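Quick caveat: nothing in here was measured; it's all calculated off a predicted structure. Letters A, B, ... are given to chains in the order of the sequence lines, protein chains preceding strands, and every chain is numbered from 1.
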There are 2 protein chains.
Amino acid sequence: MTRNTPDSLKEVIRDFRRDQVVDVARRLFGDRGSTDVSMDEIAAEAGVARSTVYVYFANRDELLRACLSGLHTQLLEAIAETWERDADPAHRLERLIGEMLAIVDDNPAFFRLALVTQGTVSQGAEAVGAELALIALDIARLIRDLFVQGVADGLFAGRDPDRATSLIGQQVYGAMSIRAAEPLPESRTAAAAETCAFILRGLGT
Amino acid sequence: MTRNTPDSLKEVIRDFRRDQVVDVARRLFGDRGSTDVSMDEIAAEAGVARSTVYVYFANRDELLRACLSGLHTQLLEAIAETWERDADPAHRLERLIGEMLAIVDDNPAFFRLALVTQGTVSQGAEAVGAELALIALDIARLIRDLFVQGVADGLFAGRDPDRATSLIGQQVYGAMSIRAAEPLPESRTAAAAETCAFILRGLGT
DNA sequence: AATCCATCGGACATGCTGTCCGAGATATTG
DNA sequence: CAATATCTCGGACAGCATGTCCGATGGATT
């Protein structure tokens with residue numbers, strides 16, 4: 001048992017330390033565009049001993065998972081912020097796409113990495129895959145709600161919401177992936193508008 | 001210099017041996033849904049010594065590249081076969097999408113792997129990325145031609161072909177990626193028809 | 001002053017990659 | 001048959017990374 005420090009404070013400290021390492025790792029992964037960074041290097045860059053990293057993360061995969069988890073919250077926060085501000089489905093869709101693309105632009109290399117890791121490329125990335133699946137689920141839910149509302153508003157033609165969600169999701173997913181791979185992507189707002197218009201035409205009344 | 005065997009024959013033999021190993025590797029990668037298979041294992045499964053594998057492939061990455069290269073030719077052959085058979089752009093598009101999805105269905109795990117590797121997840125996967133980029137370029141060219149022809153036929157609204165290609169590519173890319181991740185994808189022809197119809201509406205006149 | 005605790009730094013076992021080389025098998029050629 | 005070229009094998013080896021472990025250190029608490 002801890003003598004003096006209450007457990008809650010201990011957890012705060014722990015989280016702080018973890019974040020410290022995660023930030024460094026994410027930067028290195030992103031810079032290099034690859035998870036191929038040794039734990040030695042991460043530890044050195046973070047200014048801690050390698051063994052200390054293992055105090056906070058059971059292994060490499062858990063560290064990677066923590067990096068992606070940050071992406072998740074970052075995305076959800078960005079969307080939530082603008083979600084309530086505009087009730088019009090068309091605008092919401094455009095905003096949603098814009099925010100997603102913003103995440104990509106924020107760190108293309110790391111995003112590419114995120115997509116990549118989903119497919120389980122390196123050893124035991126199931127945990128990472130699960131993390132990504134959560135994000136995808138959240139987004140899919142948002143898109144589905146948006147579509148249903150759009151149908152009610154007469155913006156979209158009435159069809160199976162799940163199929164529509166799938167089509168929209170495909171387009172957005174593709175747009176993000178391709179943007180992440182592009183060396184010099186076009187203007188984000190233009191790209192978002194274009195993609196949004198395409199979807200509206202494709203599913204419109 | 002070779003005494004008896006002509007160089008061309010030597011190359012045939014070499015290619016045959018290479019294919020032998022590539023087939024095994026592709027199967028193992030696919031089965032496991034990960035490139036995390038040791039060279040030992042691949043060699044053992046192929047029934048050759050590990051050192052022999054290194055006679056035919058300089059390193060792991062080259063082996064991986066060879067695996068993806070097979071995917072490339074497989075895809076191009078499948079498309080070429082049906083490409084000339086139908087001149088109508090709408091049908092061509094549906095065929096194209098159908099063929100792409102067929103590739104995915106053929107070995108979802110390996111295709112996921114291919115997508116994944118593109119992003120350079122493991123050490124020195126630039127070569128692999130280049131291989132994938134070639135495929136993407138080929139497909140993009142096909143799509144672009146298709147679009148231009150479609151505009152001439154009055155099927156598509158006239159707009160910047162590059163942007164249109166990008167939008168179509170995004171949709172197809174997304175459809176493939178998501179299908180590869182789906183445990184139980186819907187009927188391939190239905191999916192292809194749906195995606196094609198969506199694109200036609202989105203870009204139609 | 002005594003004690004706790006996070007961190008350090010390094011040793012260690014394990015596993016994989018890529019290199020190298022001698023031994024043996026096989027087929028070709030004179 | 002004998003000589004030779006060529007392929008493959010199997011194992012040794014160095015290098016590097018991961019993950020575990022533990023004694024030493026130094027700062028903070030009581």
Side-chain angles (χ1 to χ4, degrees), chain A residues 1-22 24-25 28-29 32 34-67 117 121-128, chain B residues 1-22 24-25 28-29 32 34-67 117 121-128:
Chain A
M1 296 297 121
T2 318
R3 182 85 64 84
N4 52 340
T5 331
D7 282 2
S8 62
L9 177 53
K10 283 189 69 175
E11 274 184 25
V12 169
I13 293 178
R14 188 180 172 84
D15 284 356
F16 180 79
R17 294 306 220 146
R18 280 178 64 107
D19 285 350
Q20 225 180 327
V21 177
V22 163
V24 169
L28 287 181
F29 289 157
R32 197 151 321 174
S34 147
T35 61
D36 195 25
V37 180
S38 76
M39 296 295 268
D40 263 317
E41 211 169 340
I42 294 170
E45 192 77 12
V48 299
R50 195 167 64 98
S51 54
T52 305
V53 175
Y54 280 97
V55 171
Y56 291 101
F57 301 93
N59 50 42
R60 223 188 134 67
D61 280 322
E62 197 179 313
L63 173 56
L64 202 54
R65 210 186 98 270
C67 290
T117 320
V121 89
S122 76
Q123 65 270 34
E126 303 90 28
V128 177
Chain B
M1 295 305 117
T2 318
R3 182 87 64 85
N4 53 342
T5 330
D7 281 3
S8 62
L9 177 54
K10 282 188 70 175
E11 275 183 26
V12 169
I13 293 178
R14 189 182 170 81
D15 283 356
F16 181 80
R17 293 308 219 140
R18 281 178 61 106
D19 285 351
Q20 225 180 327
V21 177
V22 163
V24 169
L28 286 181
F29 288 158
R32 198 152 322 173
S34 149
T35 62
D36 195 24
V37 181
S38 77
M39 297 294 268
D40 263 316
E41 211 169 341
I42 293 170
E45 192 76 12
V48 298
R50 193 166 65 97
S51 55
T52 305
V53 175
Y54 280 97
V55 171
Y56 292 102
F57 302 93
N59 51 43
R60 224 189 132 69
D61 280 322
E62 198 179 312
L63 174 55
L64 202 53
R65 209 184 100 271
C67 291
T117 321
V121 89
S122 75
Q123 65 268 36
E126 303 90 28
V128 177

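Look at CG on A:Asp15: it is 16 Å from C1' on C:dA6, rounded to the nearest Å. The distance from atom CZ of A:Phe57 to atom C1' of D:dT20 is 18 Å, rounded to the nearest whole Å. Between the CD atom of A:Glu41 and the P atom of D:dC16 there is a distance of 13 Å, given to the nearest Å. In this entry the distance linking CG of A:Asn59 with P of C:dG15 reads 17 Å, nearest Å. Separating the CE atom of A:Met39 from the P atom of D:dG19 is a distance of 6 Å, rounded to the nearest angstrom. Atom P of nucleotide D:dG19 and atom OH of A:Tyr54 are separated by 4 Å, given to the nearest angstrom. Separating the CG atom of A:Leu28 from the C1' atom of D:dA17 is a distance of 16 Å, rounded to the nearest angstrom. Taking atom CG of B:Asp61 as the reference point, atom C1' of C:dC16 lies 14 Å away to the nearest angstrom.
Between B:Val21 and B:Leu63, the closest heavy-atom pair is CG1-CD1, 4.1 Å. Closest of all the heavy-atom pairs between B:Val53 and B:Ala43 is CG2-CB, 3.7 Å. For the pair A:Val22 and A:Ala66, the tightest heavy-atom approach, listed with the atom from each and the gap, is CG2-CB, 3.6 Å.
Within the 4.0 Å cut-off from OP1 or OP2 of D:dC7, not a single side-chain nitrogen or oxygen of B:Arg17 is found.
Taken to the nearest 0.5 Å, the CD1 atom of B:Ile42 stands 11.0 Å off from the CZ atom of B:Arg50. In this structure, CZ on B:Phe57 lies 4.5 Å from CZ on B:Arg18, to the nearest 0.5 angstrom. Rounded to the nearest 0.5 Å, atoms CG (A:Leu64) and CG (A:Asn59) are 10.0 Å apart.
Among the protein residues, A:Tyr56 comes within range of the sugar-phosphate backbone only, with heavy atoms under 4.0 Å from sugar or phosphate atoms but none that close to a base.
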Open item on the list: So if I define the base as every atom that isn't primed, P, OP1 or OP2, how would nucleotides 9-15 of chain D read as a B/S/- string at a heavy-atom cutoff under 4.0 Å?
Closed with: BBBB---
